[in-house]
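Worksheet: one structure, shown below.
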Amino acid sequence: MKIEFTKMHGLGNNYIYIDMFQETLSEKDIPMIARDVSDIHTGVGSDGLILITPSENAEIGMRIFNKDGSEGKTCGNGLRCVAKYVYEKQFVHTTHFTIETKAGIVEAYVELSDGEVNSITVDMGIPVLNRSNIPMIGAEQEKVISEPFELGAESLSLTAVSMGNPHAVFFVDDIQKSPLYELGSIISTDNRFPEGVNCEFIEVINPNEINFRVWERGSGVTQACGSGACASVVASILNGYSRKDEEICVHLTGGDLWIKWASDGHVWMRGPAETIANGEYYWSQH
Ligand SMILES: N[C@H](CCC[C@H](N)C(=O)O)C(=O)O
């Protein structure tokens with residue numbers, strides 16, 4: 001089965017994008033296609049699969065599948081790449097439009113320089129902080145802000161934020177010494193998170209600058225995570241390190257994102273999106 005695809009990345013967080021206005025995939029095959037196409041050895045190689053779809057509630061729809069075939073609900077880097085794709089393909093005719101994800105509808109704003117897409121700003125919506133809606137087991141309406149999180153011999157301090165997808169944020173003194181590789185996978189599948197969790201370690205350099213590393217649910221270590229960067233800025237503000245209504249620069253492995261948690265509750269993310277390649281992927285059911 002031949003599938004046309006475009007490979008794109010946001011700060012190195014790369015996905016295989018399939019235009020579902022042109023392609024037809026069987027719903028039951030999609031998780032396996034995500035696993036297969038993401039494989040660096042036998043597939044194209046990526047952090048996962050993103051489908052660009054029609055939507056009845058917004059101009060465009062987006063679905064994200066992780067490297068392991070699990071479906072996420074939103075994807076910040078993916079949203080910027082989808083916005084670039086649909087603007088350049090003229091699916092939309094303005095620089096401001098809506099994109100529907102499983103986490104809800106977001107507003108995207110394409111910024112041009114000399115007629116080319118230079119950066120994209122996305123209103124990522126309002127973060128969810130109640131434990132039960134992260135989701136995380138425990139008391140219903142409580143927030144999880146710098147809560148002791150025991151993990152074997154480790155005693156961590158957890159702040160949990162959902163951007164429509166779950167994030168466990170931990171503060172470290174030195175990002176180079178974060179236990180990302182030792183603990184990321186364990187935390188991401190800890191049974192205190194019934195749906196798993198994206199796990200971020202952050203070092204607050206100053207109120208307007210954060211170093212960031214991520215172990216993504218379903219994909220492992222990635223170069224960047226847009227929704228994770230948003231969750232990290234929310235966590236920094238909740239813990240009194242940063243302030244609302246200020247643009248905060250998040251230094252991810254793959255580059256910088258600019259994030260603002262506005263006093264109206266909405267979180268804004270601004271950053272780049274790049275097209276790597278177009279191609280044909282030959283997939284066979286197995
Ligand atoms: N890389 C994405 C997040 C993917 C989230 C996915 N790993 C999940 O299961 O929630 C981003 O830029 O926001």
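As the structure lists them, so they are numbered: ligands from 1, and atoms in each ligand from 1.
Qualifying side-chain hydrogen bond (donor to acceptor under 3.5 Å, both in side chains) partners for E246, counting only residues two or more places apart in sequence or in other chains: N208, R243. Applying the ring pair (Phe, Tyr, Trp, His ring centres under 6.0 Å) rule to H266 yields no partners; only residues at least two apart in sequence or on another chain are considered.
Near ligand 1, heavy-atom contacts under 4.0 Å come from N13, Y15, I64, N66, G72, T74, C75, G76, N77, N165, N198, E216, R217, C225, G226, S227.
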Under the criterion salt bridge (charged side-chain N to carboxylate O under 4.0 Å, His left out), I'd like the reasoning laid out for E147 against R131: C-alpha separation, chi angles, the key distance, then a yes or no. CA-CA 11 Å; E147 179 178 296; R131 182 193 297 271; 2.5 Å; yes

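Taking both residues in full, the closest heavy atoms of L112 and Y87 are given as CD1-OH, 3.3 Å, listed atom of the first, atom of the second, then distance.
Salt bridge E247/R270: present, at least one basic N to carboxylate O contact under 4.0 Å.
Applying the ring-ring contact (aromatic ring centres under 6.0 Å, His included) test to residues at least two apart or on different chains, the pairs with a partner in residues 209-263 are F171-Y241.
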